[in-house]
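Values below: all heavy atoms of this structure, side chains included; hydrogens, waters and symmetry mates excluded. FYI, the numbering just counts along the sequence from 1.
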Amino acid sequence: RVEATTPVSDASNPDIPGWQDFAKSAEEAGIDSLLISFSRAEPDPMLLACALGQETRKLKFIVAFRSGLMQPAAFVQQANTLSGLIGGRVSLNTVAGSSSAEQKGYGDFLAHDDRYARAGEFLAACNAFWGGDGPVDFEGRHYQVEGGTIFTRFQSADRQAPEMYVSGHSDAAQDLAAQRGSCWLRVIDTPVALEKCVRAMRARGREVCLRLCIVCRATREEAVSVIDGLMNDEELNRIEPRFPVRDDSQMYREAADPENSAWRGERIWTGFTPRFGPVWTTLVGTPDELAASFLDYKRIGVSQFIISGWPETEEVQIFGREVVPRVRALEQLEKAA
(Lines give C-alpha, C1' and ligand atoms only; values in the text may rest on other atoms or scores of the structure.)
Protein backbone atom coordinates (compact mmCIF):
# COMPACT_ATOMS: atom_id res chain seq x y z
CA ARG A 1 0.00 0.00 0.00
CA VAL A 2 1.14 3.53 -0.74
CA GLU A 3 0.74 4.65 2.88
CA ALA A 4 3.28 2.00 3.92
CA THR A 5 6.05 4.17 2.47
CA THR A 6 5.66 6.78 5.20
CA PRO A 7 7.94 6.25 8.24
CA VAL A 8 5.14 6.73 10.79
CA SER A 9 2.57 4.55 9.04
CA ASP A 10 1.02 1.60 10.89
CA ALA A 11 1.00 -0.22 7.53
CA SER A 12 4.71 -0.93 8.04
CA ASN A 13 3.95 -3.02 11.13
CA PRO A 14 2.34 -6.48 11.40
CA ASP A 15 -1.47 -6.36 11.35
CA ILE A 16 -2.53 -10.00 11.72
CA PRO A 17 -6.30 -9.37 12.14
CA GLY A 18 -6.43 -7.10 9.09
CA TRP A 19 -4.32 -9.40 6.94
CA GLN A 20 -6.29 -12.47 7.99
CA ASP A 21 -9.55 -10.74 7.09
CA PHE A 22 -8.24 -9.83 3.66
CA ALA A 23 -6.74 -13.29 3.02
CA LYS A 24 -9.96 -15.03 3.98
CA SER A 25 -11.98 -12.65 1.78
CA ALA A 26 -9.67 -13.41 -1.14
CA GLU A 27 -9.97 -17.15 -0.57
CA GLU A 28 -13.78 -16.94 -0.39
CA ALA A 29 -13.81 -14.87 -3.60
CA GLY A 30 -11.99 -17.64 -5.47
CA ILE A 31 -8.63 -15.89 -5.73
CA ASP A 32 -5.82 -18.38 -6.38
CA SER A 33 -2.84 -16.54 -4.83
CA LEU A 34 -1.75 -13.42 -2.97
CA LEU A 35 1.46 -11.57 -3.80
CA ILE A 36 3.34 -10.46 -0.69
CA SER A 37 5.78 -7.74 -1.69
CA PHE A 38 9.22 -6.96 -0.31
CA SER A 39 10.48 -3.52 0.68
CA ARG A 40 11.91 -1.69 3.68
CA ALA A 41 8.42 -0.28 4.29
CA GLU A 42 6.80 -3.67 4.91
CA PRO A 43 7.13 -6.63 7.27
CA ASP A 44 9.10 -9.67 6.10
CA PRO A 45 7.08 -11.53 3.42
CA MET A 46 8.26 -15.04 4.32
CA LEU A 47 7.05 -14.69 7.90
CA LEU A 48 3.82 -13.06 6.75
CA ALA A 49 3.10 -15.90 4.29
CA CYS A 50 3.65 -18.41 7.07
CA ALA A 51 1.25 -16.56 9.40
CA LEU A 52 -1.49 -16.24 6.78
CA GLY A 53 -0.97 -19.80 5.60
CA GLN A 54 -2.00 -21.02 9.04
CA GLU A 55 -5.36 -19.23 8.68
CA THR A 56 -6.24 -20.31 5.12
CA ARG A 57 -6.69 -23.67 3.42
CA LYS A 58 -6.49 -23.21 -0.36
CA LEU A 59 -5.01 -19.75 -0.87
CA LYS A 60 -1.47 -19.70 -2.26
CA PHE A 61 1.21 -17.10 -1.61
CA ILE A 62 3.65 -15.51 -4.06
CA VAL A 63 6.49 -14.40 -1.82
CA ALA A 64 8.73 -11.63 -3.13
CA PHE A 65 12.44 -11.60 -2.30
CA ARG A 66 15.65 -9.76 -3.19
CA SER A 67 18.16 -12.26 -4.53
CA GLY A 68 21.21 -10.29 -3.41
CA LEU A 69 20.41 -10.31 0.30
CA MET A 70 20.90 -14.00 1.10
CA GLN A 71 23.00 -16.97 0.07
CA PRO A 72 21.20 -19.49 -2.20
CA ALA A 73 21.43 -22.47 0.19
CA ALA A 74 19.97 -20.54 3.12
CA PHE A 75 17.20 -19.15 0.93
CA VAL A 76 16.25 -22.60 -0.41
CA GLN A 77 16.16 -23.93 3.14
CA GLN A 78 13.85 -21.06 4.16
CA ALA A 79 11.52 -21.47 1.16
CA ASN A 80 11.39 -25.25 1.56
CA THR A 81 10.54 -24.89 5.24
CA LEU A 82 7.72 -22.47 4.39
CA SER A 83 6.33 -24.94 1.86
CA GLY A 84 6.15 -27.62 4.55
CA LEU A 85 4.48 -25.30 7.05
CA ILE A 86 1.65 -24.22 4.70
CA GLY A 87 1.11 -27.29 2.57
CA GLY A 88 3.17 -26.38 -0.49
CA ARG A 89 1.17 -23.22 -1.27
CA VAL A 90 4.29 -21.23 -2.15
CA SER A 91 5.51 -19.44 -5.26
CA LEU A 92 8.35 -16.93 -5.38
CA ASN A 93 8.84 -13.52 -7.00
CA THR A 94 12.44 -12.48 -7.54
CA VAL A 95 13.00 -8.71 -7.61
CA ALA A 96 16.45 -7.40 -8.51
CA GLY A 97 15.71 -4.03 -6.87
CA SER A 98 14.27 -0.75 -8.16
CA SER A 99 15.81 1.76 -5.74
CA SER A 100 19.56 2.21 -5.41
CA ALA A 101 19.09 3.94 -2.04
CA GLU A 102 17.02 1.07 -0.67
CA GLN A 103 19.47 -1.52 -1.98
CA LYS A 104 22.38 0.29 -0.35
CA GLY A 105 20.46 0.35 2.92
CA TYR A 106 20.46 -3.44 2.77
CA GLY A 107 24.17 -3.47 1.98
CA ASP A 108 23.86 -4.01 -1.79
CA PHE A 109 25.87 -1.65 -4.00
CA LEU A 110 25.65 -3.36 -7.41
CA ALA A 111 24.36 -1.51 -10.47
CA HIS A 112 21.11 -2.47 -12.24
CA ASP A 113 22.41 -4.92 -14.88
CA ASP A 114 24.92 -6.42 -12.44
CA ARG A 115 22.05 -7.19 -10.04
CA TYR A 116 20.25 -9.10 -12.78
CA ALA A 117 23.42 -11.03 -13.62
CA ARG A 118 23.77 -11.91 -9.94
CA ALA A 119 20.09 -12.90 -9.81
CA GLY A 120 20.72 -15.29 -12.70
CA GLU A 121 23.50 -16.98 -10.71
CA PHE A 122 21.34 -17.02 -7.59
CA LEU A 123 18.46 -18.79 -9.35
CA ALA A 124 20.84 -21.21 -11.08
CA ALA A 125 22.22 -22.24 -7.70
CA CYS A 126 18.74 -22.48 -6.16
CA ASN A 127 17.52 -24.62 -9.05
CA ALA A 128 20.48 -26.94 -8.53
CA PHE A 129 19.32 -27.51 -4.95
CA TRP A 130 15.71 -27.99 -6.05
CA GLY A 131 16.87 -30.41 -8.74
CA GLY A 132 17.68 -32.90 -5.98
CA ASP A 133 20.50 -34.64 -7.84
CA GLY A 134 22.93 -34.80 -4.92
CA PRO A 135 25.31 -32.31 -3.32
CA VAL A 136 25.51 -28.99 -5.15
CA ASP A 137 28.78 -27.58 -6.41
CA PHE A 138 28.44 -24.16 -7.97
CA GLU A 139 31.10 -21.68 -9.11
CA GLY A 140 30.05 -18.22 -10.24
CA ARG A 141 31.14 -14.62 -10.03
CA HIS A 142 28.82 -13.82 -7.12
CA TYR A 143 28.14 -17.20 -5.51
CA GLN A 144 30.18 -20.29 -4.74
CA VAL A 145 28.78 -23.49 -3.22
CA GLU A 146 30.76 -26.60 -2.39
CA GLY A 147 29.04 -29.86 -1.48
CA GLY A 148 25.78 -28.07 -0.68
CA THR A 149 22.97 -30.23 0.67
CA ILE A 150 19.59 -29.14 2.06
CA PHE A 151 17.73 -32.04 3.65
CA THR A 152 14.46 -30.12 4.00
CA ARG A 153 12.76 -30.65 0.64
CA PHE A 154 10.30 -28.38 -1.14
CA GLN A 155 6.86 -29.83 -0.45
CA SER A 156 4.16 -29.62 -3.10
CA ALA A 157 1.65 -32.02 -4.59
CA ASP A 158 2.64 -31.21 -8.17
CA ARG A 159 6.01 -29.42 -8.21
CA GLN A 160 9.60 -30.21 -7.26
CA ALA A 161 10.43 -26.51 -7.05
CA PRO A 162 8.37 -23.34 -6.56
CA GLU A 163 7.02 -21.40 -9.50
CA MET A 164 9.38 -18.46 -10.03
CA TYR A 165 8.04 -15.06 -11.11
CA VAL A 166 10.63 -12.61 -12.45
CA SER A 167 9.66 -8.92 -12.31
CA GLY A 168 10.79 -6.07 -14.52
CA HIS A 169 10.48 -4.33 -17.89
CA SER A 170 14.13 -4.16 -18.94
CA ASP A 171 15.83 -6.49 -21.41
CA ALA A 172 17.84 -7.88 -18.49
CA ALA A 173 14.63 -8.74 -16.63
CA GLN A 174 13.10 -10.42 -19.65
CA ASP A 175 16.24 -12.46 -20.29
CA LEU A 176 16.32 -13.56 -16.66
CA ALA A 177 12.67 -14.62 -16.82
CA ALA A 178 13.30 -16.63 -19.97
CA GLN A 179 16.48 -18.27 -18.69
CA ARG A 180 15.72 -18.93 -15.02
CA GLY A 181 12.07 -18.18 -14.28
CA SER A 182 8.76 -19.79 -15.00
CA CYS A 183 6.74 -16.58 -15.43
CA TRP A 184 7.55 -13.01 -16.47
CA LEU A 185 5.76 -10.42 -14.33
CA ARG A 186 5.24 -6.89 -15.66
CA VAL A 187 2.78 -4.02 -15.38
CA ILE A 188 -0.33 -3.97 -17.54
CA ASP A 189 -0.60 -1.90 -20.73
CA THR A 190 -3.05 -2.07 -23.62
CA PRO A 191 -3.20 -5.40 -25.49
CA VAL A 192 -1.90 -3.70 -28.62
CA ALA A 193 1.14 -2.34 -26.76
CA LEU A 194 1.88 -5.69 -25.10
CA GLU A 195 1.17 -8.20 -27.84
CA LYS A 196 4.67 -8.30 -29.37
CA CYS A 197 6.59 -8.73 -26.09
CA VAL A 198 4.05 -11.20 -24.67
CA ARG A 199 4.20 -13.42 -27.73
CA ALA A 200 8.00 -13.24 -27.71
CA MET A 201 8.11 -14.39 -24.08
CA ARG A 202 5.63 -17.20 -24.72
CA ALA A 203 7.80 -18.31 -27.65
CA ARG A 204 10.66 -18.64 -25.15
CA GLY A 205 8.55 -21.06 -23.12
CA ARG A 206 7.53 -18.80 -20.25
CA GLU A 207 4.18 -17.63 -18.97
CA VAL A 208 3.32 -13.94 -18.67
CA CYS A 209 1.61 -12.35 -15.66
CA LEU A 210 0.32 -8.76 -15.60
CA ARG A 211 0.32 -6.57 -12.50
CA LEU A 212 -2.57 -4.11 -12.24
CA CYS A 213 -5.19 -2.46 -10.08
CA ILE A 214 -8.91 -2.53 -10.83
CA VAL A 215 -11.85 -0.26 -10.18
CA CYS A 216 -15.03 -2.15 -11.00
CA ARG A 217 -18.52 -0.73 -10.56
CA ALA A 218 -21.99 -1.40 -11.97
CA THR A 219 -21.69 1.45 -14.49
CA ARG A 220 -18.73 3.15 -16.11
CA GLU A 221 -19.87 6.46 -14.65
CA GLU A 222 -19.63 5.01 -11.13
CA ALA A 223 -16.17 3.57 -11.85
CA VAL A 224 -14.88 6.89 -13.19
CA SER A 225 -16.34 8.69 -10.17
CA VAL A 226 -14.19 6.44 -7.95
CA ILE A 227 -11.14 7.56 -9.95
CA ASP A 228 -12.18 11.20 -9.52
CA GLY A 229 -12.53 10.60 -5.78
CA LEU A 230 -9.03 9.13 -5.59
CA MET A 231 -7.57 12.10 -7.42
CA ASN A 232 -9.23 14.45 -4.91
CA ASP A 233 -8.54 12.35 -1.81
CA GLU A 234 -6.81 14.66 0.68
CA GLU A 235 -5.10 11.82 2.56
CA LEU A 236 -3.61 10.30 -0.59
CA ASN A 237 -2.49 13.68 -1.87
CA ARG A 238 -0.65 14.39 1.38
CA ILE A 239 1.56 11.35 0.89
CA GLU A 240 4.99 12.14 -0.49
CA PRO A 241 5.53 10.83 -4.04
CA ARG A 242 7.70 7.73 -4.37
CA PHE A 243 9.87 9.29 -7.07
CA PRO A 244 12.81 9.65 -7.34
CA VAL A 245 13.16 6.92 -4.69
CA ARG A 246 12.67 4.18 -7.30
CA ASP A 247 15.48 5.54 -9.43
CA ASP A 248 16.97 2.33 -10.77
CA SER A 249 14.09 0.66 -12.56
CA GLN A 250 12.97 0.88 -16.18
CA MET A 251 9.45 0.02 -15.06
CA TYR A 252 9.37 3.01 -12.69
CA ARG A 253 11.01 5.33 -15.22
CA GLU A 254 8.32 4.49 -17.75
CA ALA A 255 5.61 5.19 -15.17
CA ALA A 256 7.17 8.54 -14.24
CA ASP A 257 7.36 9.78 -17.85
CA PRO A 258 5.49 13.13 -17.92
CA GLU A 259 4.61 12.53 -21.58
CA ASN A 260 2.28 9.68 -20.59
CA SER A 261 -1.39 10.64 -20.53
CA ALA A 262 -3.68 9.71 -17.63
CA TRP A 263 -5.66 7.33 -19.85
CA ARG A 264 -4.44 4.66 -22.24
CA GLY A 265 -7.44 3.85 -24.34
CA GLU A 266 -10.81 3.75 -22.60
CA ARG A 267 -10.03 1.38 -19.74
CA ILE A 268 -6.50 1.90 -18.41
CA TRP A 269 -5.96 4.81 -16.01
CA THR A 270 -2.43 5.86 -15.04
CA GLY A 271 -3.17 9.05 -13.10
CA PHE A 272 -1.32 7.94 -9.95
CA THR A 273 1.62 6.12 -11.52
CA PRO A 274 3.87 9.21 -11.84
CA ARG A 275 3.54 9.76 -8.06
CA PHE A 276 3.30 6.29 -6.60
CA GLY A 277 4.63 3.87 -9.19
CA PRO A 278 3.57 1.53 -11.99
CA VAL A 279 1.60 -0.95 -9.87
CA TRP A 280 -1.08 1.75 -9.60
CA THR A 281 -1.87 1.30 -13.30
CA THR A 282 -5.61 0.65 -13.15
CA LEU A 283 -8.14 -1.17 -15.29
CA VAL A 284 -11.44 0.71 -14.97
CA GLY A 285 -14.95 -0.34 -15.96
CA THR A 286 -18.03 -2.44 -15.42
CA PRO A 287 -17.93 -6.20 -14.72
CA ASP A 288 -18.71 -6.91 -18.39
CA GLU A 289 -16.04 -4.51 -19.60
CA LEU A 290 -13.39 -5.91 -17.29
CA ALA A 291 -14.26 -9.51 -18.17
CA ALA A 292 -13.94 -8.68 -21.87
CA SER A 293 -10.57 -7.02 -21.19
CA PHE A 294 -9.21 -10.09 -19.41
CA LEU A 295 -10.18 -12.21 -22.42
CA ASP A 296 -8.40 -9.76 -24.72
CA TYR A 297 -5.19 -10.27 -22.73
CA LYS A 298 -5.66 -14.03 -22.73
CA ARG A 299 -5.88 -13.99 -26.53
CA ILE A 300 -2.41 -12.45 -26.85
CA GLY A 301 -0.90 -15.01 -24.48
CA VAL A 302 -1.23 -13.58 -20.96
CA SER A 303 -2.03 -16.40 -18.55
CA GLN A 304 -1.96 -14.80 -15.08
CA PHE A 305 -2.91 -11.52 -13.40
CA ILE A 306 -1.93 -10.04 -10.03
CA ILE A 307 -4.61 -7.53 -9.05
CA SER A 308 -5.05 -4.83 -6.40
CA GLY A 309 -8.00 -2.52 -5.78
CA TRP A 310 -9.66 0.20 -3.67
CA PRO A 311 -10.93 -0.40 -1.07
CA GLU A 312 -8.89 -3.61 -0.96
CA THR A 313 -11.37 -6.04 0.62
CA GLU A 314 -14.41 -4.59 -1.13
CA GLU A 315 -12.73 -4.72 -4.54
CA VAL A 316 -11.61 -8.34 -4.17
CA GLN A 317 -15.18 -9.28 -3.25
CA ILE A 318 -16.57 -7.43 -6.27
CA PHE A 319 -14.00 -9.12 -8.50
CA GLY A 320 -14.82 -12.60 -7.21
CA ARG A 321 -18.58 -12.07 -7.31
CA GLU A 322 -19.00 -10.07 -10.52
CA VAL A 323 -15.96 -10.42 -12.79
CA VAL A 324 -14.70 -13.98 -12.39
CA PRO A 325 -18.04 -15.65 -13.34
CA ARG A 326 -18.24 -13.45 -16.44
CA VAL A 327 -14.69 -14.37 -17.46
CA ARG A 328 -15.51 -18.08 -17.10
CA ALA A 329 -18.72 -17.66 -19.11
CA LEU A 330 -16.85 -15.89 -21.92
CA GLU A 331 -14.22 -18.64 -21.94
CA GLN A 332 -16.94 -21.27 -22.34
CA LEU A 333 -18.53 -19.33 -25.19
CA GLU A 334 -15.17 -19.17 -26.98
CA LYS A 335 -14.64 -22.90 -26.53
CA ALA A 336 -18.10 -23.63 -27.93
CA ALA A 337 -17.66 -21.31 -30.94
Side-chain angles (χ1 to χ4, degrees), residues 1-27 31-71 74-108 115 119 122 126 162-167 185 211 213 235-236 239-240 242 245-246 249 252 276-280 306-313 315-316:
R1 293 180 291 178
V2 170
E3 63 269 23
T5 63
T6 61
V8 297
S9 172
D10 288 338
S12 299
N13 300 313
D15 173 19
I16 293 299
W19 292 336
Q20 287 176 349
D21 180 64
F22 181 75
K24 290 177 180 178
S25 294
E27 190 169 58
I31 301 302
D32 178 79
S33 303
L34 290 183
L35 171 65
I36 305 179
S37 58
F38 182 105
S39 77
R40 60 186 174 184
E42 302 163 279
D44 181 80
M46 282 279 188
L47 294 175
L48 177 53
C50 185
L52 296 181
Q54 308 303 310
E55 299 297 326
T56 53
R57 294 293 173 264
K58 296 184 294 182
L59 191 66
K60 301 173 187 176
F61 300 92
I62 305 170
V63 180
F65 68 97
R66 302 281 176 90
S67 56
L69 308 184
M70 185 179 292
Q71 289 292 319
F75 177 76
V76 168
Q77 186 174 28
Q78 190 178 57
N80 290 0
T81 300
L82 176 61
S83 74
L85 291 170
I86 63 172
R89 294 176 285 141
V90 181
S91 298
L92 298 170
N93 171 209
T94 182
V95 182
S98 56
S99 163
S100 58
E102 185 174 72
Q103 289 299 118
K104 289 174 182 177
Y106 280 108
D108 180 16
R115 292 201 302 270
F122 184 89
C126 289
E163 184 174 12
M164 185 65 66
Y165 295 77
V166 177
S167 299
L185 172 59
R211 182 77 168 87
C213 294
E235 184 176 348
L236 280 175
I239 298 171
E240 289 296 321
R242 297 178 72 169
V245 174
R246 305 289 183 180
S249 163
Y252 274 81
F276 300 131
V279 297
W280 280 65
I306 295 177
I307 302 169
S308 303
W310 305 283
E312 292 174 328
T313 300
E315 205 68 62
V316 77

**Report entry** Residue list, ring-ring contact (aromatic ring centres under 6.0 Å, His included) with Phe22, at least two apart or on another chain
**Finding:**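 None.
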Report task. Would you please name every residue forming a ring-ring contact (aromatic ring centres under 6.0 Å, His included) with Phe122, sequence neighbours left out? Result ->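 With sequence neighbours excluded, Phe122 shows a ring-ring contact (aromatic ring centres under 6.0 Å, His included) to Phe65, Phe75, Tyr143, given in chain and number order.
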Query raised in the report: Is the shortest distance from a Lys or Arg side-chain nitrogen in Arg66 or Asp108 to a carboxylate oxygen in the other one below 4.0 Å?
Result: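 Answer for the salt bridge query: no.
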Query raised in the report: Would you call Arg40 and Glu102 a salt bridge, using N to O less than 4.0 angstrom?
Result: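 Yes, charged N to carboxylate O under 4.0 Å.
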Answer whether the closest heavy-atom distance between the side chains of [X] and [Y] falls below 4.5 Å.
{"X": "Met46", "Y": "Ile36", "result": "no"}
{"X": "Leu185", "Y": "Ile306", "result": "yes"}
{"X": "Leu85", "Y": "Gln54", "result": "yes"}
{"X": "Pro43", "Y": "Trp19", "result": "yes"}

Requested in this report: Apply side chain to side chain donor-acceptor pair (under 3.5 Å) to Glu42 and Ser39, showing your working.
Outcome: CA-CA 6 Å; Glu42 302 163 279; Ser39 77; 2.7 Å; yes
Gap between atom [atom2] of [Y] and atom [atom1] of [X] - 0.5 Å precision:
{"X": "Ser33", "Y": "Glu163", "atom1": "OG", "atom2": "CD", "result": "8.0 Å"}
{"X": "Glu55", "Y": "Gln20", "atom1": "CD", "atom2": "CD", "result": "4.0 Å"}
{"X": "Gln77", "Y": "Gln71", "atom1": "CD", "atom2": "CD", "result": "13.0 Å"}
{"X": "Gln78", "Y": "Ser83", "atom1": "CD", "atom2": "OG", "result": "11.5 Å"}
{"X": "Leu47", "Y": "Leu82", "atom1": "CG", "atom2": "CG", "result": "9.0 Å"}

**Report entry** Trace of the side chain to side chain contact (heavy atoms under 4.5 Å, CB included) decision for Ile307 with Arg211
**Finding:** CA-CA 6 Å; Ile307 302 169; Arg211 182 77 168 87; over 6 Å; no
Query - Shortest non-hydrogen contact from Ala26 toward Leu34 - result: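 Shortest heavy-atom contact: CB-CD2, 4.0 Å.
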Show me the donor-acceptor pairs, under 3.5 Å and distance only, between side chains in residues 86-94 and residues at least two apart or in other chains.
unit_1: Arg89; atom_1: NE; unit_2: Ile86; atom_2: O; d: 2.8
unit_1: Arg89; atom_1: NH1; unit_2: Thr56; atom_2: OG1; d: 3.0
unit_1: Arg89; atom_1: NH1; unit_2: Leu59; atom_2: O; d: 2.7
unit_1: Arg89; atom_1: NH2; unit_2: Gly53; atom_2: O; d: 2.8
unit_1: Arg89; atom_1: NH2; unit_2: Thr56; atom_2: O; d: 3.2
unit_1: Arg89; atom_1: NH2; unit_2: Ile86; atom_2: O; d: 3.4
unit_1: Asn93; atom_1: ND2; unit_2: Tyr165; atom_2: O; d: 3.3
unit_1: Asn93; atom_1: ND2; unit_2: Ser167; atom_2: OG; d: 2.7

